[in-house]
Amino acid sequence: MIDITIKHLRYFEALARHRHFGRAADDCGISQPALSVQIKTLEDMLGTPLVERGPKQLRLTGYGEVFLERAREILKSVNELGDLARASHSPLIGRLRFGVIPTVAPYFLPQFIKCLAKDYAGLDPRPREAKTSKLIDGLLGGQLDTAIVALPVSEPSLHEETLFAEDFVLVRPLSDADKPVPNAKLLREMRLLLLEEGHCFRDQALSFCTASSALPRDLMEGSSLSTLVQMVGAGIGVTLIPDMAVPIETRSASVSVARLEHPRPSRTIGMVWRKTTPLSDQLKHIAQTVRASL
């Protein structure tokens with residue numbers, strides 16, 4: 001009989017997710033040598049290697065890929081067993097693993113944490129900042145309980161709960177403060193600074209500027225909203241940012257902020273979670289509490 005434990009599965013899943021022994025060990029709260037021993041023990045029990053240990057890169061073997069899929073299913077079921085017990089408590093207690101997209105985290109996360117601290121004293125918030133695609137993977141894989149993202153995500157297995165909606169504003173150099181506010185057509189003729197590919201906010205901003213399906217003539221990219229605003233302050237171009245980001249991102253930049261004409265570009269922010277999670281009712285209550293506090 002092969003004596004595989006849940007701990008073995010958690011260690012292997014972390015290694016497969018990080019593809020790095022050091023980072024996986026940190027995630028699991030053990031030393032790198034200890035993690036290596038546990039993975040080698042697991043491979044010995046199975047009688048076949050799970051990973052290819054290259055000098056610069058770690059890869060899963062073919063069997064490792066199959067084993068990972070089954071391991072994640074088992075871990076997801078085990079987590080949901082624990083969630084069943086937590087679901088019996090109202091309000092929710094214990095660890096809450098949630099994700100937040102980068103264009104929301106710096107501006108909304110402090111308020112969200114304060115709301116949890118006030119109304120859910122027994123909760124232990126564990127936030128993770130990442131792009132939407134990674135957060136969805138974390139939800140589906142059972143590594144996250146919920147995520148704060150731009151809606152809709154259009155994933156059939158996830159429930160979506162709206163928190164709030166907000167407009168996008170135009171950020172221009174301070175010298176342009178008295179100029180007329182351009183419409184979407186004129187924005188396509190300007191040097192537009194947007195986030196790099198992979199950010200949902202980029203797609204939302206582009207959808208406003210490309211009603212005729214033509215990309216802006218002079219498009220530049222940045223890695224964060226802060227970088228974009230600072231580039232505008234240096235006179236490089238213009239950008240769109242969400243309303244919540246204005247107080248933080250414009251306080252140290254020589255820029256002006258203008259509200260676009262109707263219909264203004266906007267986005268809806270909400271919480272998403274697995275429809276099958278036992279914590280669904282508690283998460284809905286948290287969403288309602290946060291929505292009421294805004």
Distance-only donor-acceptor pairs under 3.5 Å for side chains of residues 131-144, two or more places apart:
| unit_1 | atom_1 | unit_2 | atom_2 | d |
| --- | --- | --- | --- | --- |
| Gln143 | NE2 | Glu13 | OE2 | 3.2 |
| Gln143 | NE2 | Gly141 | O | 3.0 |

Any residue meeting side-chain hydrogen bond (donor to acceptor under 3.5 Å, both in side chains) with Glu69, in chain and number order, not counting sequence neighbours
none
Is Arg70 paired with Glu73 through a side-chain N to carboxylate O contact shorter than 4.0 Å?
yes
Are [Y] and [X] co-members of a hydrophobic cluster defined by side-chain heavy atoms under 4.5 Å apart?
X	Y	answer
Tyr11	Val78	yes
Met45	Leu15	yes
Ile113	Tyr120	yes
Leu186	Val257	no
Val66	Leu68	no

Is there a side-chain contact between [X] and [Y], using heavy atoms and a 4.5 Å cut-off?
X	Y	answer
Leu96	Leu283	yes
Leu50	Leu42	yes
Glu161	Trp273	yes
Ile6	Ile74	yes
Leu170	Leu187	yes
Pro102	His199	yes
Val149	Cys200	no
Gln204	Pro265	no

Could you walk me through whether His20 and Leu58 pass the side chain to side chain contact (heavy atoms under 4.5 Å, CB included) test, one step at a time?
CA-CA 7 Å; His20 188 277; Leu58 182 147; over 6 Å; no
Apply the test salt bridge (charged side-chain N to carboxylate O under 4.0 Å, His left out) to residues Asp44 and Lys40: give CA-CA distance (whole Å), side-chain angles for both, the deciding distance (0.1 Å), then the verdict.
CA-CA 6 Å; Asp44 290 343; Lys40 185 62 171 62; 2.8 Å; yes
Are more than 12 heavy atoms from other residues, nucleotides or ligands located less than 6.0 Å from atom CD of Glu221?
yes
Can you measure from [atom1] ([X]) to [atom2] ([Y]) and round to the nearest 0.5 angstrom?
X	Y	atom1	atom2	value
Phe12	Gln38	CZ	CD	14.0 Å
Glu129	Ile148	CD	CD1	11.5 Å
Arg72	Leu9	CZ	CG	12.0 Å

Kindly give the heavy-atom pair with the smallest separation between [X] and [Y], and that separation in Å.
X	Y	answer
Leu195	Ser223	CD2-C, 3.9 Å
Ala16	Leu60	CB-CD1, 4.0 Å
Leu163	Ala287	CD2-O, 3.6 Å
Arg172	Pro180	NH1-O, 3.1 Å

Report the residues that fulfil side chain to side chain contact (heavy atoms under 4.5 Å, CB included) with [X], sequence neighbours left out, ordered by chain and then residue number.
X	result
Lys275	His159
Gln111	Phe108, Leu294
Arg259	Asp167, Val169, Asp243, Arg264

Can you give each donor-acceptor pair under 3.5 Å made by side-chain atoms of residues 227-241, sequence neighbours left out, with the distance rounded to 0.1 Å?
| unit_1 | atom_1 | unit_2 | atom_2 | d |
| --- | --- | --- | --- | --- |
| Thr227 | OG1 | Ser224 | OG | 3.0 |
| Thr239 | OG1 | Leu193 | O | 2.6 |

With salt bridge (charged side-chain N to carboxylate O under 4.0 Å, His left out) as the criterion, how do Asp145 and Arg97 come out once you've worked through the C-alpha distance, each side chain's angles and the decisive distance to 0.1 Å?
CA-CA 5 Å; Asp145 299 312; Arg97 305 165 302 166; 2.9 Å; yes
Is a side-chain N or O of Ser293 found less than 3.5 angstrom from the main chain of Val290, in a donor-acceptor match?
yes
